[in-house]
Amino acid sequence: QDDLKEIATQYQLDLFQILDSLEVGHLPKYEQQANYNFLILRAYTAQPNDRVNSISDISNKIAFFYKDDKLITIHRTPFAFLQQLSSNYSNCETLLLAIIKAMVDTYSEPSKLLSDQIDAMEQTIFLRDYKKISLTDLYFQKTQTRITKKLLQITQLVLHQVEVSAANKSALADINDSMLNLVLVYEEVLDNAHTILNTYLSINAQKSNDVMKVLTVFSAFFLPLTFIVGVYGMNFEHMPELQWANGYYIILGLMLLITLGIYRWFKKKAYL
C-alpha cells in the first residue's frame, strides 16, 4: 500500500484507479486522464483440469498506467509471457501492445482444449455410452466457457476504446481480430455444450420412457389375469365355477385368450 501511494504521488496517478488495480476480480476497463491512460485487462491463468466457475478463478489481471514515455504495470500474479518479452521496443505504446497481444493469446490454448473436450463428450453420447458422461464435468466446462466468453466480450469492448498512434493501428487491429476469433470460438463451444446437455437430458428421459413403457406393457398383460385370479380366489361357498370338473382348464384357456387378444391389439397399435 505504501509503495503504491508513493508511486501514485510521484507519477500523479489517481488513487481510486490504484485501488481498482488491487481489487480482486475487477473487470477490464479503460479510462483516459489528462496526463496518462489507465487500462485493466485479464489474462487466462486457470490450469487445464481446474474446475473453475468465477472470473477470478479463470483469469488474473494486469493494470496499466501509461503515457508516451512511461509504462507502469501492477499485478500480483507472475506471468510467464512477461518474462519472454523482447527488450527491443521503440516506445511504450509498442511494448503495451506486445503485452496485450500476449494476454489475448493466453485464451487460445484453453479454447482448443474446451473444444476438444466438448467434441469428445459428443462422440461419447452418440457413439458410445451416454452414461459415461459426467454432468459435473459438463457443468464446469459450460460455466467456464460462458464466463470466458463474457470476459472476452468485455475485453473486446475495452480494446475498441484504446487509442494508439498511426504506426501501431495495424498491430491493434490484429489484436482485435484475434479477440473476435476467440469470441466466436468460445461462442461455438458454448452452443455445443448447451446442445450436449439437452441431448443428454433427452436421451436420459427417453431411456426412462422406455422403462415405463415396458412396465406399462407388463401391467396391461397381467392386470386382467390378476383380476380373474382374484375373483376365483375369493372362495365363496356359492360359486358355480368352483364345482366345474374342467373349471381350472377353462379359466387357463380364458386367460390365454385374453393374453393373445392383448398381444394382437398391441401389435395392431404398434405398441410392440
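Note that these values count all heavy atoms, side chains included, but never hydrogens, waters or copies made by symmetry. One-based numbering along the sequence shown.
Considering only heavy atoms from C-beta on, Ile100 comes within 4.5 Å of Leu41 through its side chain. Side-chain contact between Lys149 and Leu182 is absent, with no heavy-atom pair separated by less than 4.5 Å. Looking only at side-chain heavy atoms (C-beta outward), Phe65 and Leu39 stay at 4.5 Å or farther from each other. Taking the side chain as every heavy atom from C-beta outward, Leu197 and Leu138 approach each other to under 4.5 Å.
One hydrophobic cluster holds both Val104 and Leu172 under the rule that ILVMFWY side chains link at heavy-atom gaps under 4.5 Å. By the criterion of side-chain heavy atoms lying less than 4.5 angstrom apart, applied directly or through intervening Ile, Leu, Val, Met, Phe, Trp or Tyr residues, Phe38 is grouped together with Tyr11 in one hydrophobic cluster. In terms of hydrophobic clustering, with Ile, Leu, Val, Met, Phe, Trp and Tyr side chains grouped at heavy-atom distances under 4.5 Å, Leu225 and Met234 are assigned to a common cluster. Taken together through direct or relayed side-chain contacts under 4.5 Å among Ile, Leu, Val, Met, Phe, Trp and Tyr, Ile40 and Leu22 form part of one hydrophobic cluster.
For the residue pair Lys61/Ser21, the side-chain donor-acceptor check at 3.5 Å is not satisfied. Using modelled atom types, one finds a donor on one side chain and an acceptor on the other under 3.5 Å when comparing Thr94 with Asn91. Counting only N and O atoms by type, the side chains of Asn53 and Thr143 include no donor and acceptor under 3.5 Å apart. Side-chain contact annotation: Asp57 with Ser54, donor-acceptor N/O pair under 3.5 Å present. Using modelled atom types, one finds a donor on one side chain and an acceptor on the other under 3.5 Å when comparing Gln32 with Tyr30.
The two residues Lys67 and Asn35 have their closest heavy-atom pair at CD-O, 3.3 Å. Scanning both residues, Arg42 and His26, for their nearest heavy atoms gives NH1-O, 2.8 Å. The nearest pair of heavy atoms linking Gln117 to Pro48 is NE2-O, 4.4 Å. Across Ser219 and Pro224, no two heavy atoms sit closer than the pair O-CD, 4.5 Å.
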Taking only distance into account, with no hydrogens and no angle test, what donor-acceptor pairs under 3.5 Å do side-chain atoms of residues 152-167 form with protein atoms, sequence neighbours excluded?
residue : atom : partner : partner atom : Å
Thr155  : OG1  : Leu151  : O            : 2.8
His160  : ND1  : Gln156  : O            : 3.4
Ser165  : OG   : Glu93   : OE1          : 2.6

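Residue pairs meeting the ring-ring contact (aromatic ring centres under 6.0 Å, His included) criterion with at least one partner in residues 75-104, sequence neighbours excluded, are His75-Phe79, Phe79-Phe81.
Judged purely by atom type and a 3.5 angstrom limit, Asn198 has no side-chain atom pairing as donor or acceptor with the backbone of Thr195. Looking only at distances, a side-chain donor or acceptor of Thr106 sits under 3.5 Å from a matching main-chain atom of Tyr44. No side-chain donor-acceptor contact under 3.5 Å links Arg51 to the backbone of Phe140. Using modelled atom types, one side-chain atom of Tyr186 and one backbone atom of Tyr107 make a donor-acceptor pair closer than 3.5 Å. Between the side chain of Ser108 and the backbone N or O of Asp105 there is no donor-acceptor pair closer than 3.5 Å. No side-chain donor-acceptor contact under 3.5 Å links Asp50 to the backbone of Val52.
When the shell of 6.0 Å around CG of Asp68 is examined, it contains 12 or fewer heavy atoms from other residues, nucleotides or ligands. Heavy-atom neighbours of Lys101 NZ from other residues, nucleotides or ligands within 6.0 Å: above the threshold of 12. Atom CD of Glu6 has 12 or fewer neighbouring heavy atoms from other residues, nucleotides or ligands inside a 6.0 Å radius.
Taking the charged nitrogens against the carboxylate oxygens, Asp116 and Lys112 have no contact shorter than 4.0 Å, which rules out a salt bridge.
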Derivation and outcome, side-chain hydrogen bond (donor to acceptor under 3.5 Å, both in side chains), residues Gln17 and Tyr36: CA-CA 12 Å; Gln17 292 176 341; Tyr36 67 90; 2.7 Å; yes
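Checking Leu113, Asp119, Thr148, Thr145 one by one against Val189, the side chain to side chain contact (heavy atoms under 4.5 Å, CB included) holds for a single residue, Thr145.
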